[in-house]
Amino acid sequence: MLAVFFVSCGLFAQEQEYTTDELYTQARNAAFDEDDYPKAVKLLKAALAKSPDYLEVRVFLGRIYTYSDSLPKARMAFEEVLAKEKGHEDASFAYGNLEYWNDNSEAALKVVNNGLAVHPESENLGILKAKVLKDLENYEEATATLQKLLEKNPKLTQARSMLSGINSSTAKNELGVNYEFVYFDERFDDPWHLAALDYTRQTKLGSMAARVNFANRFRTDALQFEVDAYPRISDLFYTYVNLGISSDSGIFPQYRAGFSLFANLPASFEADAGFRYLAFNEDTFIYTLGLGKYYKNYWFNFRTYLTPSDSALSQSYALTMRYYFGGADDFIGAKIGTGISPDDRANSVLFDGANITRLRSNNVALYYRKLLGSTHVLTAQTALEDQEYATDTRGLQFSISVGFIKRF
């Protein structure tokens with residue numbers, strides 16, 4: 001006991017020798033590097049004994065109490081800070097998180113609103129408010145909060161991701177229509193016309209969609225029926241599944257199928273791998289790999305399609321970039337690529353009998369997507385392709401498409 005007394009006295013004397021900032025730094029090291037919350041609390045109390053009005057130290061004390069599940073003490077620490085400085089930003093954020101994490105969203109909203117009244121430009125408090133409102137199922141106000149944040153700072157990818165999730169939660173149904181016009185300068189005398197009508201439903205397992213495609217190619221009309229699904233496996237993995245059938249294998253593939261496994265990786269990366277199957281007169285399997293990355297208000301994606309045959313391996317590559325103005329439905333984009341993509345509904349017919357291992361193409365496309373109000377989306381795309389349709393014979397292919405989506 002005597003030894004413990006002298007050790008305690010020695011530690012107390014050392015604490016008296018350190019400045020408040022030094023004690024604060026030691027407390028952070030104890031909490032984050034040593035994972036020793038009791039030691040951090042002891043050091044923070046010593047710092048506050050020297051400087052009772054050092055609010056940053058008291059906020060951190062409240063955080064440590066939160067992490068160690070000493071919630072009444074944490075609330076007391078935050079209340080003391082807010083009593084000294086109304087709406088203190090860090091205290092409001094930490095206190096609001098405490099209540100949100102412990103299923104007290106009504107209390108959290110009150111704390112956050114008080115903080116925003118003093119700091120209306122705070123992005124941290126704005127994001128937290130949107131989370132709380134979503135938890136309270138006040139989707140309309142949560143959406144307005146996120147849109148306001150994105151108007152001021154389009155680089156807030158967290159806000160954009162949340163907005164997309166809220167849209168999925170509020171609008172379970174989606175009806176879309178699209179029309180594409182394709183013109184050829186050399187290869188064909190008549191343009192192609194393609195149209196699609198689709199219905200999407202958000203489910204607990206992920207989204208599912210049914211689509212009817214219409215095409216007028218070679219002065220011939222045809223229909224194709226497709227089903228798409230994006231089943232979620234976990235927070236890390238989700239999948240893409242596609243099945244399609246058509247009665248006219250000269251205009252559409254008689255059968256088509258696709259599968260990809262997507263992984264949400266650290267540092268805002270996403271990777272996927274899968275295959276596509278097209279059945280014309282012959283069966284064709286195409287394998288695909290993709291890597292995406294969010295950076296500020298940009299999204300980049302590199303994708304390749306690999307088509308093996310008896311004589312060679314056909315390869316196509318595409319680099320896509322998007323610039324987001326606001327939410328997930330507000331962006332412009334561009335794509336540059338080589339080769340033929342089975343996911344390009346206009347050109348997938350080229351897999352029918354074409355020697356794709358030798359034929360080459362270069363293409364560029366521009367995209368535009370805009371959210372109108374909260375439930376309407378407008379899409380537009382234009383593309384130019386320099387297509388080799390026979391050995392040493394090339395032609396230009398120009399396309400333009402417009403689409404409209406209604407959520408309800």
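Remark: side-chain polar atoms of Thr200 are not paired, donor with acceptor, to backbone N or O of Asn173 under 3.5 angstrom. A donor-acceptor contact shorter than 3.5 Å is absent between the side chain of Ser51 and the backbone of Tyr54. Counting only distance, with no hydrogens or angles, the side chain of Ser361 and the backbone of Glu388 share no donor-acceptor pair below 3.5 Å. Listed for the Ser70 side chain is no donor-acceptor partner under 3.5 Å among the backbone atoms of Lys73. Using a distance-only test at 3.5 Å, with no hydrogens or angles considered, a donor-acceptor pair links the side chain of Ser316 to the main chain of Ile340. A distance-only check finds a donor-acceptor pair linking the side chain of Arg232 to the backbone of Lys204 [under 3.5 Å]. Within the 3.5 Å criterion, the main-chain N or O of Asp343 finds a donor-acceptor partner in the side chain of Ser341. Although no hydrogens or angles enter the test, the distance criterion places no donor-acceptor pair under 3.5 Å between the side chain of Asn102 and the main chain of Asn104. At least one donor-acceptor pair closer than 3.5 Å links the side chain of Thr239 to the backbone N or O of Pro231. For the pair Arg58 (side chain) and Leu48 (backbone), a donor-acceptor distance under 3.5 Å is absent.
In this structure, a donor-acceptor pair under 3.5 Å is absent between the side chains of Gln26 and Asn29. Using modelled atom types, one finds a donor on one side chain and an acceptor on the other under 3.5 Å when comparing Thr288 with Arg303. For the 3.5 Å distance criterion, the side chains of Ser207 and Gln202 fail to qualify, holding no donor opposite an acceptor. Judged by distance alone, the side chains of Asp330 and Tyr324 never bring a donor and an acceptor atom under 3.5 Å apart. No donor-acceptor contact under 3.5 angstrom links the side chains of Asp135 and Tyr100, judged on distance only. A donor atom on one side chain and an acceptor atom on the other are not found under 3.5 Å apart for Tyr294 and Glu270. Side chains of Tyr317 and Gln315: a donor-acceptor N/O pair is present below 3.5 angstrom, by distance only. A donor-acceptor pair shorter than 3.5 Å cannot be found between the side chains of Asn347 and Gln387.
A pairwise comparison of heavy atoms in Ser105 and Val132 identifies O-CG1, 3.2 Å as the closest pair. Between Arg276 and Gly258 the shortest heavy-atom distance is CD-CA, 4.0 Å.
Cation-pi geometry between Arg369 and Phe331 is not met at under 6.0 angstrom from the ring centre and within 45 degrees of the axis. Taking the ring axis of Phe269 as reference, the NZ or CZ atom of Lys293 stays within 45° of it and closer than 6.0 Å to the ring centre.
Using a cut-off of 4.0 Å between Lys/Arg side-chain N and Asp/Glu carboxylate O, Asp386 and Arg394 are scored as salt-bridged. Ion pairing between a basic and an acidic side chain is recognised when a charged N comes within 4.0 Å of a carboxylate O; Arg28 and Asp33 show no such pairing. Remark: Arg407 engages Asp329 in a salt bridge, criterion side-chain N to carboxylate O under 4.0 Å. Ionic pairing of Arg201 and Glu174 is not present here: no N-O contact between side-chain nitrogen and carboxylate oxygen is shorter than 4.0 angstrom.
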- Task: Evaluate the criterion side-chain hydrogen bond (donor to acceptor under 3.5 Å, both in side chains) for residue pair Asn114 and Lys86; output intermediate values, then yes/no.
- Result: CA-CA 8 Å; Asn114 288 339; Lys86 184 179 179 180; over 6 Å; no
- Message: Show, in sequence, the C-alpha distance, side-chain angles and deciding distance for Lys152 and Glu123, and conclude whether the salt bridge (charged side-chain N to carboxylate O under 4.0 Å, His left out) test is met.
- Response: CA-CA 10 Å; Lys152 295 178 180 178; Glu123 293 178 350; over 6 Å; no
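Atoms CG and CG, from Leu146 and Leu156 in turn, are 9.5 Å apart once rounded to the nearest 0.5 Å. For the atom pair CD1 of Ile336 and CG of Asn362, the computed distance is 8.0 Å after rounding to the nearest 0.5 Å. To the nearest 0.5 angstrom, Tyr183 atom OH is 12.0 Å from Gln397 atom CD. Distance OH/Tyr298 to OG/Ser268: 16.0 Å, rounded to 0.5 Å. Atom CG of Asp90 sits about 8.5 Å away from atom NE2 of His119, to the nearest 0.5 Å.
Ring pair Tyr287/Phe275: centre-to-centre distance not below 6.0 Å. The ring of Tyr230 has its center no closer than 6.0 angstrom to the ring center of Phe259. Close placement of the Trp192 and Phe188 rings is indicated, their centers lying within 6.0 Å of each other. The distance between the ring centers of Phe280 and Phe252 does not fall below 6.0 angstrom.
With a 4.5 Å cut-off on side-chain heavy atoms, Tyr367 and Arg322 do not count as touching.
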